[in-house]
S.K.: 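For reference, the structure I am asking about is given below.
Remember, it's 1-based here, ligands and their atoms both numbered in the order they're listed.
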Amino acid sequence: MEEITALRERMAHITAINQATAVLGWDQQTYMPAGGGQARADQLEALSGIGHQLLTASETETLILRAEKAVGSLDPDSDEFAFVRVARRDYDQAAKLPESLVKELASVTTLAHEHWAAARSHSNFAEFSPWLSRIVELVRKVAEAIGYTDRPYDALLDQYEPGMKTADVEQMYQSIGPQIAELVKKIVEQPGRSVTDLVLRRDYDTDKQRQFGEHVVHALGFDFQRGRQDVAVHPFCTSFSHNDVRITTRYEKNWLPAALFGSMHETGHALYELGVAERYDRNVLEGGTSLGVHESQSRLWENLVGRSHAFWKHYYGDLQALFPESLSDTDLDTFYRSINAVSPSLIRVEADEVTYNLHTLIRFEIENELIEGRLEVKDAPEVWNSLYEKYLGIRPPDDAHGILQDVHWSGGGIGYFPTYTIGNILSVQWYKEAERSLGVTFADQIEHGDFEGLRTWLTENIYQWGRKYEPKDLVKRVTGRTMDTAPYLEYLTTKYSAIYEL
Ligand code: ZN
């Protein structure tokens, strides 16, 4: 169909520019010397500007309108139909934002990032407060420009999680919040609990960590012919094409989980990207359908696989052999408990599986109040601290351990945090559905170092489709239901009741 071909060529061209931008971004965070910063910022701005102009140009809209007419008679489940729908979505998302707003947001967030970093190092929210006020104001304008029917936060959330509404997020947290808080309470109040993560803080030579980590991610299915793993301060995964997906990790001599579980996490993201059907290469259908679904994959491989007893039944001997001085006095069960130790803490990125969602819940509540104008930025730290007390029973001693800890808001990323919890919930829903439909227990395979059955099911049911199905449709298609918190709650309760003998 000629109309589709013309649009596909246009979008492939734009995709190529975006992928080149991603290469520069990856290099910036991995190998670029500090001196390259200013030139790199200029290069990134120039290239992303070109990408944005091409996407929002009237020629693109003309091609989309023609393609929409052409696919009108096609099966809505066809690749062509989905391609045009997603191209329309990308165009609308970009074109709805006035260029002046995009530029203002870019320059304000660049400066805000520096002020946030300085404020955090001085642990002084007042330094960041005027910048956050500016950002909230601009992000509200973004919500207005994108448009919404019920709540302004809907428009922001939709950027990361297409089709999800603020009310859905509220319902999600209502359905897990009280049970998780109850579970945390039981764990904390359990007399004489002896689960700690101290063994993970001993000495672990970073070269050996790399050796072990690469061995594991390769076993999980990361293809080093189609990707690389490098070091970055803030680990991430990025994709340049169907055959080139990069992951990064960070090695800490006295904190084994950073690289070990961080690598498995990023591998989950990478397996998703690598598993998208080859026919979507340089097509807007390439990539993950939402941040939440993407996160469901990183969490699944990191937590359901990487923090499972079965996994360590297979790998613990190897790890012990590599680090005899640090692990010879620790048996498998103790090690398993230590990597699953639960402790209410102040810092989200260091949080365990059980308390993690309480951290995102707090951010969601504050963001929503800020955007809907019920909370003023200057009062946010106090609200933050009170919510930590309410949900986690601990109060941050200062702003650095409180409201200044995350980078997201300084970059304008409001509406993002709930996707972490969506990921947690979906990770278990997919896993249980896979076991049910295949009639297997993956632990039986994982304890033999066999991940193929799980990976193949995920590829066939989720990865291959890329962005073809919106998250809600994908969940329905794969599990026959909407997003369901019950399997997740059951998983947490079962796993942690056993670990803590509740
Ligand atoms: Zn992630």
Side-chain angles (χ1 to χ4, degrees), residues 22 25-26 29-30 157 159-162 164 169 172 213 216-217 220-222 227-240 245-252 255 257-276 286-308 339 347-361 363-364 405-409 411 413-431 454-455 458 462-463 466-467 471 474-475 483 488:
W26 168 83
Q29 296 190 60
T30 48
L157 189 62
Q159 296 177 297
Y160 309 108
E161 203 59 28
M164 189 104 175
V169 174
M172 168 181 92
V216 166
V217 304
L220 296 181
F222 184 76
R228 285 178 58 90
Q229 176 170 251
D230 296 273
V231 172
V233 180
H234 302 288
F236 62 96
C237 169
T238 184
S239 170
F240 307 150
V245 175
R246 307 295 176 94
I247 56 175
T248 56
T249 193
R250 183 186 73 208
Y251 299 101
E252 284 185 35
W255 183 233
L260 184 57
F261 295 112
S263 293
M264 281 189 246
H265 181 99
E266 300 308 332
T267 296
H269 285 301
L271 293 178
Y272 192 178
E273 296 284 335
L274 290 166
V276 175
E286 191 176 44
T289 188
S290 72
L291 289 190
V293 176
H294 232 302
E295 199 64 11
S296 74
Q297 296 314 310
S298 52
R299 302 281 163 150
L300 189 153
W301 289 99
E302 176 192 353
N303 292 332
L304 280 96
V305 176
R307 289 182 210 267
S308 70
I339 59 169
I347 305 294
R348 175 185 59 88
V349 295
E350 293 164 10
D352 56 79
E353 260 187 294
V354 181
T355 58
Y356 192 92
N357 302 298
L358 301 173
H359 292 263
T360 66
L361 166 60
R363 286 148 182 80
F364 164 69
Q405 65 182 272
D406 299 306
V407 69
H408 303 57
W409 292 345
I414 296 179
Y416 190 120
F417 284 112
T419 66
Y420 293 120
T421 290
I422 295 168
N424 284 334
I425 293 166
L426 287 178
S427 70
V428 180
Q429 200 172 343
W430 304 132
Y431 191 91
L454 174 59
R455 195 177 61 244
L458 292 167
I462 300 167
Y463 303 168
R467 299 174 70 199
L474 184 68
V475 174
M483 182 170 82
Y488 178 60

S.K.: Do the numbers put Arg348 on top of the ring of Tyr420, so that NZ or CZ is under 6.0 Å from the six-membered ring centre and no more than 45° off the axis?
M.R.: yes
S.K.: Can you tell me if Gln29 and Thr248 form a side-chain donor-acceptor pair at under 3.5 Å?
M.R.: no
S.K.: Fit a plane to each ring of His408 and Tyr416, take the angle between them on a 0 to 90° scale, and name the class: parallel (under 30°), tilted (30 to 60°) or perpendicular (over 60°).
M.R.: perpendicular
S.K.: Quick one: does NZ or CZ of Arg307 land under 6.0 Å from the six-membered ring centre of Phe261, within 45 degrees of the ring axis?
M.R.: yes
S.K.: Ignoring hydrogens and geometry beyond distance, is a side-chain donor-acceptor pair present between Tyr488 and Asn357 at under 3.5 Å?
M.R.: yes
S.K.: Everything protein-side that's N, O or S and under 2.8 Å from the Zn ion (ligand 1): list it, residue and atom.
M.R.: His265 NE2, His269 NE2, Glu295 OE1
S.K.: Closest heavy-atom contact between Tyr251 and Ala259?
M.R.: CD2-CB, 3.4 Å
